Every structure is written in structure tokens, then in C-alpha cells.
Protein chains: 2
Amino acid sequence: MTHPGTAPARRRPGIPDATVARLPLYLRALHALADEGVTRVSSDELAARVGSAGSPAKVRKDLSCLGSYGTRGVGYDVEQLVASISAELGLARRWPVVIVGVGNLGHALAGYGGFASRGFAIAALFDADPARLGEVVGGLPVRPMADLPVVVGEQGGAIGVIATPAEAAQDVCDELVAAGVRSILNFAPTGLQVPDGVDVRKVDLAVELQILSFHEHRKAARQVVPA
Amino acid sequence: MTHPGTAPARRRPGIPDATVARLPLYLRALHALADEGVTRVSSDELAARVGSAGSPAKVRKDLSCLGSYGTRGVGYDVEQLVASISAELGLARRWPVVIVGVGNLGHALAGYGGFASRGFAIAALFDADPARLGEVVGGLPVRPMADLPVVVGEQGGAIGVIATPAEAAQDVCDELVAAGVRSILNFAPTGLQVPDGVDVRKVDLAVELQILSFHEHRKAARQVVPA
DNA sequence: GTTTGTGAAAGGATTCACAGCA
DNA sequence: TGCTGTGAATCCTTTCACAAAC
């Protein structure tokens, strides 16, 4: 910190991306700790809980971005950290999520309980296939794409989830952006072009497997030709 | 390259992780190009196809790890690159995948066509719930966890996918490792402890949304208090 | 002229290691 | 004594920029 002795926490002129990506993992672990009745945790313990992505030094550096919520010689207050990270991630508000594409994956997402418990509310489901319209999935009716701007407008913004086949993804993406969505989670196995100011994160199941495949392949090679 | 004029491609004393994570994206884009009948591609064009994760310089550096498969002034041969990346990722072989947990998400994964077309074969489905045993999902019967070592043994190794609730994930992970699985894709929202030599990749849907939430939150703040 | 391949520079992220505080 | 907070050092990644090759 630049100078000591003033307000307890000043922080945050830009949190590194790598840290932002880990804050949700800490939050997850802290909620689990809270459920177990634990009230204090050290950087060592928290790192262990997070698994392979965590080291004690990383935990401390990451958390120091939020201000000083730890006590030397003792550790961090679980409840306080939960509050601080939640605030930083913008989870004070419950974000509306719209899911486009109600195939296999869309169904699974619509039925996933983990969203509600972690700050998100599924606001609506959409599908381009007229045959699916009106079908009720996870308690919500499937709506036509034409309704998208209305729903996003009503919600005052939303996070968009693309769960369509690859061929449809760019069109859907364009429609989401036109409707005012500025954050998109893309499950379709294709890259998306978006204007500045729109964030896209992608999850491609086959890509994850291929990365594992690379390492598995290497391990196998190492056994045959050791050293 | 250290010295010119010898064999056409020498390569690969360790590919950086960041590059490994992008090779599947290039492969995806190249397959799409091939389907369109395109036979040559430049680093600029490939970068554009990959979307936000690509820059021409990155493409060139990444591909240079595989050896020299480009032609200056012309670009890369699509077919040759597909072959070269596939080989590097170990996709000559079709990897068996075992899925544990046949809930919402497990169903979606079992029914996902994208695995087969991209180098993977679902070898078996498992669930700890006796009520689900024998149920047929995506053409495969749900089997008891006790069968896991047999199946992994028969296949000579496999990639494990954990699609269970968080509470069960660590136990399932231990069983997978005990059965000989050394590469795991974890969809359960919890960190996993694994011994050395086992790779874990994780996909947590709520975590992805929370990262988007952070940026959305920031964007909103920026509008209210503009610089 | 065009586009690759690659050193060199710049920018981030992680780890180290220890001062500072409870 | 124990554990946080943090500069310094290290490592990894990305970008730049240009010579070499077509």
C-alpha cells in the first residue's frame, strides 16, 4: 500500500484478470467453510481448499487487491471475506440470465440449481425452432427470439448464454448484442465476433478434453521412452 | 530455428501451456475452413476466425512450435495443419471417456454429438444411485461404480468426466484415480485434490458467470461515474 | 508485394522471502 | 510464535518489428 495509517481499505485501481478469475473459486470455498461453521481461515488452508489452482502466496496477493481483510498471525474472517468478494464481483445484485437454445445442454442449464444459489436468476429461455415454443423447461416457457429485446429491456440488461449449435451461434450473438446484452457465455463450439465493450467467455467441452488429451498423450509417450 | 537447411521439421522440446490451450481452437477453425473448401489460410485470417483469443502474431508463434508448416508469402496449408495439430494433441487415437453422474448435465454430455466428431468416444456411464442403474442414456446403460476399474482397464486408460453434485466429487475423483484414470474433467463446483501425475481441468458454470458479472458490474459503474 | 518465422522488448503473473504486526 | 502484506526476483506470455522466403 502506498501510505499507511489512513482509512482501513482503499483499494482497487484495476484488479488483474488472473485474480478476477480466481475470486469466484475463493468465494466457493469460503461458502463451503461457512457451511461447516468455520469462521477463520488462513491463506494456506484456503489455497488447499481451492485445489490445484491455489497457492498461499497467490491467495494473499489476490486478497490484498480487495483491501486488508486479514489479521496477521490469525488469518482471514470468513464472513467478512465472503462479503468483500461478493461485493467486488457485483453479486449484491442478482443478475438476470437469458439462455438461447433449448437442446440437450440448454435443458441442463435451465435445470441447474447452482445458478440461483450463486447470484443468478434465469430470466427467460429462447429458441429459434418454432416447434419448441411454449414448451416449459425448468419452470419457464420457451419464447421466440423476437421477444429477446423486450425481455432484456425489462430486466435492464442481462447476461446471455448461447447453447445453440455452432452454425447458429454468430447470428444469436448478434441478436443478443442488438438487444443490449454486453456479457455472453458461449457454449457453441465456434469463435464469436463482437464489438468493443462486449465480453465473451467460452466453454467448449471438446476443447477441454483435447487439452487433457495432449497431456495424456505426453504421459503415455514418456512411459514408452523414459527420460 | 537454430540452423536452417536440414530436415523440414524438428520441433517440440516443450510446448507452452498457453499454446496448448489454443491449439484446439485453431483445429476447430481449420476444420470449419476445410468444410468450406478452403485449402490455404494466413495467420491473419486464422486469428480472425478464432475470435477474441487470436492475434496473427500469436498464431504464428504457436504454429511455429509444431515445426514449419507455413509458406512465406502464401500462408498455411489447411489440411497439413489439421494433421499436424491433431498429431500434437494426440488425436490420432480415439480417447475413451467415462462419465460419472447421470443427472441433468450427465445426460446432456452423454447426448452431445460433438465428442465423437472431435476425437472422443464415450465408453461408459456411471452413477452411484442404484435407482439409475440399467437406465439407457445416449445409447449406453448406466453402470454401477464398482464396474469402473474393469471398464478403465479394458480401455487401457480413459479420460474421466465428473458430473456429480459437489458433495460426491472428491470421492468419485478418488475412485477414478484408483481405477487408473490420470486425466479428469470436473464439472462439480468444488476443488479436487489429486496425486501428482493426474491432470484436472475444471468447468464451473457459475464461476464463468461470476467472472462476467465482475466485468458487467464494472461497466455499469463506469457509466455512472465516467472517468 | 505478401506472409512467415523469430529474436528482442514489453507486459503480466507467480513465487520468493522477509518485514511487520497480532 | 504465526500469519499477513508486499517489494523484488523469476518466470511465462504477448507484442513488436523485421529479415528471410515465396
Side-chain angles (χ1 to χ4, degrees), chain A residues 1-23 25-26 38-78 80-81 84, chain B residues 1-23 25-26 30 38-78 80-81 84 211:
Chain A
M1 215 149 282
T2 25
H3 63 120
T6 46
R10 195 44 45 120
R11 84 265 137 87
R12 237 183 332 164
I15 298 182
D17 283 350
T19 295
V20 171
R22 280 187 300 262
L23 289 179
L25 303 181
Y26 300 145
V38 177
T39 61
R40 279 198 306 265
V41 67
S42 69
S43 56
D44 273 54
E45 209 173 312
L46 188 48
R49 289 282 186 141
V50 163
S52 48
S55 83
K58 246 190 281 191
V59 168
R60 294 200 297 276
K61 260 255 153 75
D62 287 344
L63 295 185
S64 78
C65 290
L66 313 182
S68 297
Y69 288 102
T71 307
R72 295 173 201 230
V74 177
Y76 299 89
D77 183 273
V78 171
Q80 209 171 23
L81 258 195
S84 164
Chain B
M1 209 152 284
T2 26
H3 64 118
T6 46
R10 193 49 42 118
R11 87 265 136 90
R12 238 183 333 164
I15 297 182
D17 284 350
T19 295
V20 171
R22 280 187 298 263
L23 289 179
L25 304 182
Y26 300 145
L30 288 163
V38 177
T39 62
R40 277 197 307 262
V41 67
S42 69
S43 55
D44 273 54
E45 208 173 314
L46 189 48
R49 290 282 186 141
V50 163
S52 50
S55 83
K58 246 189 283 191
V59 168
R60 293 200 297 275
K61 259 252 153 79
D62 286 343
L63 296 184
S64 78
C65 290
L66 314 181
S68 298
Y69 288 101
T71 308
R72 296 172 200 229
V74 178
Y76 298 90
D77 182 274
V78 171
Q80 209 171 21
L81 258 195
S84 163
I211 295 172

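This structure is a prediction, so every number in the text was calculated from the model and none was measured.
The distance from atom CG of B:Leu81 to atom C1' of C:dT4 is 12 Å, rounded to the nearest whole Å. Counting to the nearest Å, the P atom of D:dT13 and the CZ atom of B:Arg60 are 19 Å from each other. A straight line from CG of B:Leu66 to P of C:dG5 spans 10 Å, rounded to a whole angstrom. Remark: P of D:dA21 and OH of B:Tyr69 are 19 Å apart, rounded to the nearest angstrom. In this entry the distance linking CG of B:Asp62 with P of C:dG5 reads 12 Å, nearest Å. Computed from coordinates, the B:Lys58 NZ to C:dG12 C1' distance equals 13 Å when rounded to whole Å. In this structure, CG of A:Leu46 is placed 20 Å from P of D:dG2, rounded to the nearest angstrom. Atom CG in A:Leu63 sits about 16 Å away from atom C1' in C:dA13, given to the nearest Å.
Distances were taken from every side-chain heavy atom of B:Ser55 (C-beta onward) to each of D:dT15, C:dT14, C:dG5; the shortest belongs to D:dT15.
Using a 4.0 Å heavy-atom distance criterion, B:Arg40 is classed as making no nucleic acid contact. B:Thr19 comes within contact range of no nucleotide atom at all, as no heavy-atom separation falls under 4.0 Å. Among the heavy atoms of the strands lying under 4.0 Å from B:Asp17 are primed sugar atoms or P, OP1, OP2 only; no base atom is included. Nucleic acid contact for B:Pro16: sugar-phosphate only, since backbone atoms but no base atoms lie under 4.0 Å from a heavy atom of the residue.
Contact detail for B:Ala47 and B:Pro56: the closest heavy-atom pair is CB-N, 3.6 Å. B:Tyr76 and B:Gly70 make their closest contact through CD2-CA, 3.5 Å (heavy atoms, listed as atom of the first residue, atom of the second, distance). For A:Asp62 against A:Tyr26, the heavy-atom pair with the smallest separation is OD2-OH, 2.6 Å.
Proximity of A:Ser64 to the phosphate of D:dT4: no side-chain N or O atom is located under 4.0 Å from OP1 or OP2. In terms of phosphate contacts, A:Ser42 brings no side-chain nitrogen or oxygen within less than 4.0 Å of OP1 or OP2 of D:dC3. A close approach under 4.0 Å does not occur between any side-chain nitrogen or oxygen of A:Tyr76 and OP1 or OP2 of C:dA22. Residue B:Thr71 places no side-chain N or O under 4.0 Å from the OP1 or OP2 atom of D:dC22.
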Evaluation steps, side-chain contact (heavy atoms from CB on, under 4.5 Å), between B:Leu66 and B:Leu23
CA-CA 10 Å; B:Leu66 314 181; B:Leu23 289 179; 4.2 Å; yes
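In this structure a side-chain-to-backbone donor-acceptor pair under 3.5 Å is present from B:Lys58 to B:Ala53.
The base of C:dT4 sits within donor-acceptor range of the side chain of B:Arg72, with an N or O pair under 3.5 Å. For D:dT14, the base has no donor-acceptor partner in the side chain of B:Lys61 [N/O atoms by modelled type, under 3.5 angstrom].
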